[in-house]
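Here's the structure we're looking at; comments come further down.
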Amino acid sequence: MPLRIRPATEADSFRIGCIGRDAFRDTVSRALFPPELYSKSPTGDPGLDEALWRAARNTRRLKEGKLTYVAIDDPQDGTTAEPEVVGYCQWELPCSEEQSNAGAPEVDRDPTPPTLDRERARAIMEMGERKIKEALGEEGHRDLWYLMILGVDPAHQRRGIGRMLVQHGLNLAREQGKAAFLIATPEGKGLYQSLGFEQVGDAYDVYGTVHCSMLWREPQAGSA
Ligand SMILES: CC(C)(COP(=O)(O)OP(=O)(O)OC[C@H]1O[C@@H](n2cnc3c(N)ncnc32)[C@H](O)[C@@H]1OP(=O)(O)O)[C@@H](O)C(=O)NCCC(=O)NCCS
């Protein structure tokens, strides 16, 4: 079935929230939305709480100008099946020091459901920031294309959708003469390596999932 990419709109946010919830269910979501908080769910469905929180975060990031793309699976096979969003990615573009320090910490920018462990969310964010500086220096990723998040619906993984989304961003970064950066989960690492990313700094544990910083630079002419 044909796959394509288009810029995301706010109308995509709930679907993006659902994909994020499902894609990260065995890694960061398990830490952020621990079972011991399920009984606090205001909707009675902790999975819905998470999707709504992810959707609100996505909408806010869109408004802040984060470059967001969705992958569409468009059956085009004569059936009545509708085109479906099956993956997404979100990039923070190079910015000034003032821009990067503006506003409250990310975790405080969206209303959070009581099923979210705020202390862990804050700890994860702070660890990420620390590791980025360890890997890249005080300037962090300010001069780089930073892949904030990439998620593919588990029912559609291993079809090349993640690759398509990341490659699209790398092409845009290359046009600007910029390098790219991300923090990889074990699931993403092989894909990123095959796209030319290299690990920078040591791997580290985030509530049971090993993460590592990865940097991509445009291959120089003449290099292998
Ligand atoms: C990481 C993730 C985004 C990859 O998405 P994806 O669409 O499955 O990625 P791709 O299909 O492009 O590539 C994934 C692997 O499938 C392989 N693949 C691609 N097309 C394939 C096909 N038709 N058949 C079999 N394998 C295929 C790729 O070679 C790649 O292998 P590798 O990991 O050994 O390099 C997805 O697994 C995901 O959402 N994971 C959970 C969230 C997460 O960890 N996100 C990354 C955060 S940094």
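In each ligand, atom 1 is the first atom listed, and ligand 1 is the first ligand listed.
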Do the side-chain N and O atoms of Thr185 and Thr27 include a donor-acceptor pair separated by under 3.5 angstrom?
no

Has ligand 1 got any nitrogen or oxygen that is less than 3.5 angstrom from a nitrogen or oxygen of His156?
no

Does Ile183 have a heavy atom less than 4.0 Å from any atom of ligand 1?
yes

Short N/O distance, under 3.5 Å, between Val152 and ligand 1?
yes

Atom of Ala173, atom of Trp216 and distance for their closest heavy-atom approach:
CB-CZ3, 4.4 Å

Identity and separation of the nearest protein heavy atom to atom 7 (O) of ligand 1:
Gly162 N, 2.8 Å

Indicate, as side chain, backbone, both or neither, the part of Arg159 found under 4.0 angstrom from ligand 1 when only non-hydrogen atoms are considered.
backbone

Among non-hydrogen protein atoms, atom 48 (S) of ligand 1 lies closest to Tyr192 OH, 3.0 Å

With nothing but distance in play, are any N or O atoms of Leu150 less than 3.5 Å from an N or O of ligand 1?
yes

Under a 3.5 Å distance rule, please check whether Gln157 uses its side chain to pair with a backbone N or O of Val152 as donor and acceptor.
yes

Look only at the side chain of Asn171 and the backbone of His168, and say whether a donor-acceptor pair between them is shorter than 3.5 Å.
no

Are any of the side-chain heavy atoms of Leu150 and Tyr192 separated by less than 4.5 Å?
yes

Can you confirm whether something in the protein, heavy atoms only, sits under 4.0 Å from atom 19 (C) of ligand 1?
yes

Heavy-atom distances under 4.0 Å are what count here, so tell me which part of Ile149 touches ligand 1: side chain, backbone, both or neither.
neither

If I apply the N/O under 3.5 Å rule, does Ala23 come out as touching ligand 1?
no

Hey, is ligand 1 close enough to Gly188 that some N/O pair sits below 3.5 Å?
no

Quick test of your reading of the structure: of Arg158, Glu187, His211, whose heavy atom lies closest to atom 30 (C) of ligand 1?
Arg158

Which ligand 1 atoms does Gly190 reach within 4.0 Å, using its non-hydrogen atoms?
35 (O)

Heavy atom of protein closer than 4.0 angstrom to atom 34 (O) of ligand 1:
no

Using atom types as modelled and distance alone, determine if a side-chain donor or acceptor of Ser41 lies under 3.5 Å from a backbone N or O of Tyr38.
no

Protein contact to atom 43 (C) of ligand 1 [nearest heavy atom, distance to 0.1 Å]
Phe24 CE2, 3.5 Å

For atom 38 (C) of ligand 1, grab the closest protein heavy atom and report residue, atom and distance to one decimal in Å.
Gln157 NE2, 3.3 Å

Within-4.5 Å side-chain heavy-atom neighbours: Arg142 and Leu136
no

Any protein heavy atom lying closer than 4.0 Å to atom 41 (C) of ligand 1?
yes

Side chain to side chain contact (heavy atoms under 4.5 Å, CB included) with Val70: of Thr9, Val86, Ile19, Val85, only one passes, and it is Val85

Pair listing, salt bridge (Lys or Arg N to Asp or Glu O under 4.0 Å) test, anchored in residues 28-56, at least two apart:
Glu50-Arg54

Which word best sums up how the rings of Trp145 and Trp91 line up, parallel for under 30°, tilted for 30 to 60°, or perpendicular for over 60°?
perpendicular

Sub-4.0 Å atoms of ligand 1 with respect to non-hydrogen atoms of Gly151:
39 (O)

Heavy-atom contacts with Ile161 under 4.0 Å: which atoms of ligand 1 show up? List them by number with element.
7 (O), 11 (O), 12 (O)

Considering non-hydrogen atoms of the protein only, which is the closest contact for atom 11 (O) of ligand 1, and what is the distance?
Gly160 N, 2.7 Å

Test item: Glu10 side-chain N/O and Asp12 main-chain N/O as donor-acceptor pair under 3.5 Å
no

Side-chain touch Glu134/Ser213, heavy atoms, less than 4.5 angstrom:
no

Side-chain (Arg21) to main-chain (Gly47) donor-acceptor, under 3.5 angstrom
yes

What is the nearest protein non-hydrogen atom to atom 29 (O) of ligand 1, stated with its residue, atom name and distance?
Arg163 NH2, 4.2 Å

Starting from atom 44 (O) of ligand 1, locate the nearest protein heavy atom and write down its residue, its atom name and how far away it is, to 0.1 Å.
Thr185 OG1, 2.6 Å

Kindly indicate, with the supporting measurements, whether the criterion salt bridge (Lys or Arg N to Asp or Glu O under 4.0 Å) is fulfilled by Arg130 and Glu126.
CA-CA 6 Å; Arg130 210 167 50 245; Glu126 287 172 359; 5.7 Å; no

Has ligand 1 got any nitrogen or oxygen that is less than 3.5 angstrom from a nitrogen or oxygen of Leu191?
yes

